[in-house]
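Only this structure's heavy atoms are used, side chains among them; waters, hydrogens and symmetry mates stay out. Quick note on labels: first sequence line is chain A, next is B, and so on, each numbered from 1.
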2 protein chains.
Amino acid sequence: MTMDMVAARAKAGKATVYRRWSSKVELVRDSLAWMNRTHLELDNLPDTGTLRGDLLALLKPRSIEEDERKYRVFAGMGSFWQHSEFVEAGIAGFFEPWIVINRELMHRAVGRGEISASADIELACEVITSMSYFRGLIQRKPFDKRYFTALIDGILLPALKNPKPSPNAVDQ
Amino acid sequence: MTMDMVAARAKAGKATVYRRWSSKVELVRDSLAWMNRTHLELDNLPDTGTLRGDLLALLKPRSIEEDERKYRVFAGMGSFWQHSEFVEAGIAGFFEPWIVINRELMHRAVGRGEISASADIELACEVITSMSYFRGLIQRKPFDKRYFTALIDGILLPALKNPKPSPNAVDQ
DNA sequence: CAATTACGGTACTGTCAAGTTCCGGAACTA
DNA sequence: TAGTTCCGGAACTTGACAGTACCGTAATTG
């Protein structure tokens, strides 16, 4: 991802790119922010009546391919992993919305009495995100509907429907 | 991570480094392989009688700090993320042994009748690894004993002790 | 001790990519 | 049409870093 490539892809001159962004750092920052603008409106979440239905409703073909593009972007960002500013503001920002959404859906499910009130929501709402990330970026296997449903039905819902064996809080 | 730094850290001349490795690529490959040599012998796993005990026995202070060093290495490897050769052989190789160990411990637990035989072991044995990675490299928070036990007690064991909920034929 | 080898250090070369400068031409304006 | 502004493109500068060449010296061997 060189600036020449960026300019070429934009069918623009490098000078023009630098007219709009004063450095590559700013360009990357803005690009990340742009990608982070989530299409998922927090106040318009799916509400199917079951946690399982809500979660499945989140996984649209759109988001699958978007995720894969994000992973390719990550892999190509190379040197920016050193600057923790970017990891925090940019990369972590990718995942935070999903975690927030999961948290909200799970809290609703608790309210409905669908899952145990003593479940560790704070941890559970990071499970999908963590594992999708690991699968996409490390294992480089598709995070598709099959895997997603297996995750929900095989891990997440069983974990949430039971009270946890021992009460444990995690710092946040 | 420049070759000058490597040489300096080794209190050696750059020429000496190049006498042993013909290129940086080979050096990184060998370094990854060396870090991957796991201290956990597969035929000498903990056997405390419970899955919980076995898993907790895996988490030694040694491995915690080693993991954090690995994450720092990852963050510093920058450009190598493009070459999927390295991601597969090197980085993925870090995690595979842990997954294998988890799988073995869980199969034992199934054999003891401790966890449900219908549990999704293949998925479950990736949970700890995925989430430790996410926490260490993305969230940059410590993967310590507190978090680890919360993960085991709040997610993993509850998920495993229950049969999967009905794989209902819900929406498409 | 003398000869050879191995090493640490430093200076050099080549390459690649970020950032700058400049120019010619297109598009808009009067 | 003439003047002004903006853009694409290409050449250039600069810095960082991989890889190389070389030298003085310490260790090794006969």
Side-chain angles (χ1 to χ4, degrees), chain A residues 1-37 66-94 133 136-138 140, chain B residues 1-37 66 68-94 136-138 140:
Chain A
M1 184 215 185
T2 69
M3 290 302 265
D4 297 78
M5 288 184 199
V6 171
R9 275 273 268 273
K11 279 175 298 189
K14 229 185 347 166
T16 309
V17 175
Y18 275 100
R19 255 169 232 131
R20 217 172 305 263
W21 291 279
S22 63
S23 72
K24 183 175 187 178
V25 165
E26 297 211 4
L27 182 143
V28 170
R29 188 209 312 284
D30 280 10
S31 305
L32 288 178
W34 189 87
M35 286 185 80
N36 274 0
R37 114 216 93 75
E66 258 187 21
D67 268 19
E68 296 197 343
R69 235 184 52 219
K70 282 182 186 177
Y71 293 149
R72 257 180 288 124
V73 171
F74 286 2
M77 282 212 332
S79 61
F80 285 91
W81 282 81
Q82 268 107 337
H83 301 303
S84 59
E85 172 203 3
F86 277 90
V87 176
E88 286 165 27
I91 300 182
F94 280 124
Y133 176 70
L137 204 54
I138 303 297
R140 307 247 165 143
Chain B
M1 184 215 184
T2 69
M3 290 302 265
D4 298 77
M5 288 185 198
V6 170
R9 274 273 268 271
K11 280 174 298 187
K14 228 183 351 164
T16 309
V17 174
Y18 276 99
R19 254 169 233 133
R20 218 172 305 263
W21 291 278
S22 63
S23 71
K24 183 174 186 176
V25 166
E26 297 211 4
L27 182 143
V28 170
R29 189 208 313 283
D30 281 9
S31 305
L32 288 177
W34 188 86
M35 286 186 78
N36 274 1
R37 116 218 90 77
E66 257 186 22
E68 296 198 342
R69 236 184 50 218
K70 282 182 185 177
Y71 293 149
R72 257 180 287 125
V73 171
F74 287 1
M77 282 213 332
S79 62
F80 285 92
W81 282 82
Q82 268 107 339
H83 301 301
S84 60
E85 174 202 3
F86 279 89
V87 176
E88 286 166 27
I91 300 182
F94 280 123
L137 204 54
I138 302 297
R140 307 248 166 142

Apply side-chain contact (heavy atoms from CB on, under 4.5 Å) to A/Ile138 and B/Phe94, showing your working. CA-CA 10 Å; A/Ile138 303 297; B/Phe94 280 123; over 6 Å; no
Passes side-chain contact (heavy atoms from CB on, under 4.5 Å), B/Arg29 versus B/Trp21? Steps please. CA-CA 10 Å; B/Arg29 189 208 313 283; B/Trp21 291 278; over 6 Å; no
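A 4.0 Å heavy-atom criterion places the boundary nucleotides of DNA chain C facing chain A at C/dA17 to C/dT21, written 5' to 3'.
A/Gly13 approaches A/Ala7 most closely through the heavy-atom pair C-CB, 3.9 Å. Closest non-hydrogen pair, A/Met1 versus A/Lys24, comes out as O-NZ, 2.7 Å.
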Nucleotides 14-21 of chain D: which of its N/O atoms have a protein N/O under 3.5 Å away?
unit_1	atom_1	unit_2	atom_2	d
D/dA18	OP1	B/Lys24	NZ	2.5
D/dA18	OP2	B/Met3	N	2.8
D/dG19	OP2	B/Tyr18	OH	3.1
D/dG19	OP2	B/Lys24	N	2.8
D/dG19	N7	B/Lys14	NZ	2.9
D/dG19	O6	B/Lys14	NZ	2.6

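Under the 3.5 Å distance criterion, the side-chain polar atoms of A/Ser31 are matched with a main-chain donor or acceptor of A/Leu27. Checked by atom type and distance alone, the side chain of A/Arg140 pairs as donor or acceptor with a backbone atom of A/Leu137 at under 3.5 Å.
At its two ends the helix from C/dC1-D/dG30 to C/dA30-D/dT1 runs along axes set 10° apart, each axis drawn from five pairs and the angle rounded to 10°.
The distance from atom OG1 of B/Thr2 to atom CZ of B/Arg9, rounded to the nearest 0.5 Å, is 11.0 Å. Rounded to the nearest 0.5 angstrom, B/Lys70 NZ and B/Leu32 CG are separated by 10.0 Å.
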